[in-house]
Number of protein chains: 2
Amino acid sequence: MKRKITIHDVAKKAELSVSTVSLIMNNKPNVNEETRRKVLEIIRQLGYHPLRSARGLASQSSGNIGFILTEDHFSQAEPFYTKIFLGTEFEARNHNFYILLTTVGWTLKDQSQVPRFLLEHNVDGVIIAGKIGSSWVEYIQEQNLPLILIDYELARHRVSTIGMDNRTGINLVVEHFRTGGHSKIGFIGGDIRHPSIAERFASYRDTLASAGMPINSRWISVGEANTSLDDGYEAAKRIFSLGGERPTAIACANDAMALGCMKFLKEAGIAIPGDVAVSGFDNIEAGLHVEPRLTTVNVHREEMGGIAVRRLVEMIKDHSSVITKTLTPVELIVRDSCGVKESVSD
Amino acid sequence: MKRKITIHDVAKKAELSVSTVSLIMNNKPNVNEETRRKVLEIIRQLGYHPLRSARGLASQSSGNIGFILTEDHFSQAEPFYTKIFLGTEFEARNHNFYILLTTVGWTLKDQSQVPRFLLEHNVDGVIIAGKIGSSWVEYIQEQNLPLILIDYELARHRVSTIGMDNRTGINLVVEHFRTGGHSKIGFIGGDIRHPSIAERFASYRDTLASAGMPINSRWISVGEANTSLDDGYEAAKRIFSLGGERPTAIACANDAMALGCMKFLKEAGIAIPGDVAVSGFDNIEAGLHVEPRLTTVNVHREEMGGIAVRRLVEMIKDHSSVITKTLTPVELIVRDSCGVKESVSD
DNA sequence: CGATTCTATTGAAGCGTTTCGATAAAAACG
DNA sequence: CGTTTTTATCGAAACGCTTCAATAGAATCG
């Protein structure tokens, strides 16, 4: 068992003290440039890598970032949050951080549920993705840990967030329907309590309103408990079971519900997009494999994770506690389910 | 900023030395039962949790397990490996380990690609899931790190693996077709170089052979580069473009290819399961949402991850290096795509 | 040119644990 | 009952790094 190479080995070979080597390892100022180069070269030669736990102990920091997801979010068939996680993992490497992922229940009930990385002070900051009970946010803030929320926000809490441009997304969809000749446009929202969903719904109303188009509450379903495929199915059933005038297009607040909506329409013998056009939001894989392929709004998941890490690392290093709200852009992806071809404009 | 509670606080309150407290924290023998109880109670009261980095430094262990996935595996739409990861994460908690997940390229080309957790000795063992270049396995074994492979194996390397009972799975499928009246059963395998796929293919042949049924090479497609939906599509096209007698059932080596196969059949106007029955393997979500719903073989992904962690922790703690090969059970899930109802037998 | 400031380097303390050899007390032994 | 073994506890060294006060020399200043 060959001994590990330590900072002492480097120091000895460089004929310097370990302090100097340490300064260099941490990019501290007041080191002669030549010395720095020499030591860096020796480090390379020796293949030296500082031991995480020793660093951590001495500097009172772990070099880890905690990533918290509710159990149901992570287990989802669609890797929406998985992609976000991947984005954090990639970006974390650039900053020499590790990501510790853990799943938790919806709310923090008692101490035994607290992720071990929080108890053991094994993270320097935390990222939470998706909707989650506010008790978690409160707990983490009490610990004075930098925190970022992705794809969620809590009105009553001062916390930095990374979101996506929901309003523009739905605006693009509705405008696309409108310029394509639709005037009776419905909306399926599911769980409207989710901030992102609420924004999408608001944007739907605003867009219609500012275009001077009718808003018919019978074309809208936003009361479902969740935003799953089944919720979309039920919502569509509700809308199309009602008598009276029917919508000719349905904007769904996400792809899962759009898929559920399409499932219902097919079963009911309603042609897509012939009788009714459908659109989603999120650009999940499954939208590509359904027939007709789903028109949707693309969201940059990896990028959201990456931005979250960058912001968090800033907060960790600068001890800054400025609250920011970052929006990532989205874009309309026109496929077959909306029956409107992308028109060459501008 | 309130000071953290350390082992010294516990020791002082208990009027004992830190050594004794440490012994108790680590479940070491030769501690009076009453003392142990007393200290444990004090630890509870104080809410003491040892600092990971201090432990790590002193005991020359990190308390982390590395989880390595190739980039393409993790990015896959279907959360097959994500589920496995989740299983490891759950089980790791029970053993007081953290999982550090990272993705890597197919082969290890140069030092700069080595995950940082390996360079910094920040893991006590490694789990690799899915097919991967053998250079990675070799590198990790050189580091004398305990290693487990999930859903993959390398014939030429001595390494413990966790797999699933592929042979039984396909056997169940083919038997189900046979007893349901099918005698012309085809197979779509995709990338036969993957050990799991190879086993499934072998089991297909064996089952047919031992039932005395014909094996027609024109009903078989196993040359594809991969095992994706598109590969399934192409394979089906190949099989059904050939003239001559056609199979009445197709066993696919995984669900993705089964879905691709179904896509082709639908486009070709071939009824499922009327003209051709189809089955998959893996029991992915998408199989539930396709029409008709896919008959498949269920695999316990989370459990595979959990077992991997248990085995790895054993290896870490016991310094044992016994090579084992663990198979997790599978079960047939009969849905609509095979056109055979589950018969009440036995 | 003496005093002050700045730059580069260092020695040593300290971070919170584990571990090992030492020790005293209790138990078992012949 | 003296000797050996076992049990329970402890003190101190070690783990590999960061950090901070100290120092000496170089540069700058009035």
Side-chain angles (χ1 to χ4, degrees), chain A residues 1-40 42-43 46-64 96 116 119-122 124 316-317, chain B residues 1-40 42-43 46-64 96 116 119-122 124 316-317:
Chain A
M1 191 82 80
K2 58 177 182 294
R3 244 183 32 73
K4 232 171 291 178
I5 291 164
T6 76
I7 197 171
H8 288 98
D9 302 322
V10 177
K12 187 182 294 174
K13 183 148 185 190
E15 295 177 300
L16 285 166
S17 72
V18 292
S19 327
T20 307
V21 178
S22 174
L23 292 179
I24 292 167
M25 285 304 299
N26 294 285
N27 281 308
K28 293 282 167 81
N30 295 340
V31 174
N32 183 284
E33 265 316 309
E34 197 181 337
T35 312
R36 168 165 274 140
R37 262 197 299 282
K38 184 178 72 179
V39 171
L40 251 21
I42 290 176
I43 286 174
L46 259 42
Y48 166 66
H49 288 274
L51 200 65
R52 235 327 347 153
S53 35
R55 287 192 119 169
L57 180 56
S59 64
Q60 304 283 57
S61 72
S62 64
N64 297 326
N96 275 1
R116 213 159 36 83
L119 297 174
E120 293 181 351
H121 302 273
N122 200 16
D124 301 335
I316 293 170
K317 295 211 167 137
Chain B
M1 190 81 81
K2 58 178 186 294
R3 245 184 31 72
K4 234 171 290 176
I5 291 164
T6 76
I7 198 171
H8 288 98
D9 302 320
V10 177
K12 188 183 292 175
K13 182 149 185 190
E15 297 176 299
L16 285 167
S17 72
V18 291
S19 327
T20 307
V21 178
S22 176
L23 292 179
I24 292 167
M25 285 304 300
N26 295 286
N27 282 308
K28 294 282 167 82
N30 294 340
V31 175
N32 182 284
E33 264 317 309
E34 197 180 337
T35 312
R36 169 166 274 142
R37 261 196 300 281
K38 185 177 73 180
V39 171
L40 251 23
I42 290 175
I43 287 174
L46 260 41
Y48 165 67
H49 287 274
L51 198 67
R52 241 310 7 143
S53 36
R55 288 192 117 169
L57 180 55
S59 66
Q60 303 285 57
S61 72
S62 65
N64 297 327
N96 276 2
R116 214 159 35 84
L119 297 175
E120 293 182 350
H121 301 274
N122 201 15
D124 302 335
I316 293 170
K317 294 213 165 134

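Chain naming here is simple, since letters A, B, ... match the order of the sequence lines and numbering starts at 1 in each. Only a predicted model underlies this, so the values are computations on that prediction, with no experimental measurement involved.
In this structure, A/S53 reaches neither bases nor backbone, as no heavy-atom distance under 4.0 Å exists between it and the strands shown. B/S59 comes within contact range of the sugar-phosphate backbone alone, with a heavy-atom separation under 4.0 Å but no base atom that close. Within 4.0 Å (heavy atoms only), B/N30 reaches at least one base atom of the nucleic acid. Residue A/T6 is in sugar-phosphate contact alone, with no base atom involved, counting any heavy-atom pair closer than 4.0 Å across all strands shown. Across all strands shown, B/L23 has heavy atoms under 4.0 Å from base atoms, whether or not it also approaches the sugar-phosphate.
You'll find the side chain of B/N30 stays beyond 4.5 Å of the side chain of B/L23, heavy atoms only.
Listed nucleotides C/dG16, C/dT18, C/dT9 differ in distance to A/N32; the shortest reach to its side chain belongs to C/dT9. Considering only the side chain of A/T20, C/dT10 comes nearest among C/dT10, C/dC15, C/dT17. Of all nucleotides listed (C/dT17, C/dT9, D/dC10), C/dT9 comes nearest to the side chain of A/L16.
Taking only side-chain nitrogens and oxygens, A/S22 comes nearer than 4.0 Å to OP1 or OP2 of D/dT18. Distances shown here put a side-chain N or O of A/K28 below 4.0 Å from the OP1 or OP2 atom of D/dT19.
For B/Q60 and D/dA14, the CD to C1' distance is 9 Å, given to the nearest whole Å. One can place CE of A/M25 at 12 Å from C1' of D/dT18, the figure rounded to the nearest angstrom. Rounding to whole angstrom units, CG of residue B/L57 and C1' of C/dC15 are separated by 9 Å. Atom pair B/L51:CG and C/dG14:P shows a separation of 18 Å (rounding to whole Å applied). Straight-line distance from the CZ atom of B/R55 to the P atom of C/dT19: 9 Å, rounded to whole Å.
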Full working for salt bridge (charged side-chain N to carboxylate O under 4.0 Å, His left out) between A/R37 and A/E34: CA-CA 5 Å; A/R37 262 197 299 282; A/E34 197 181 337; over 6 Å; no
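When each of A/S19 and B/P29 is assigned the nucleotide of DNA chain D bearing its nearest heavy atom, the one mapping closer to the 5' terminus is B/P29. Residues A/V31 and A/V18 both approach DNA chain C. Their nearest nucleotides, taken by heavy-atom distance, put A/V31 toward the 5′ side.
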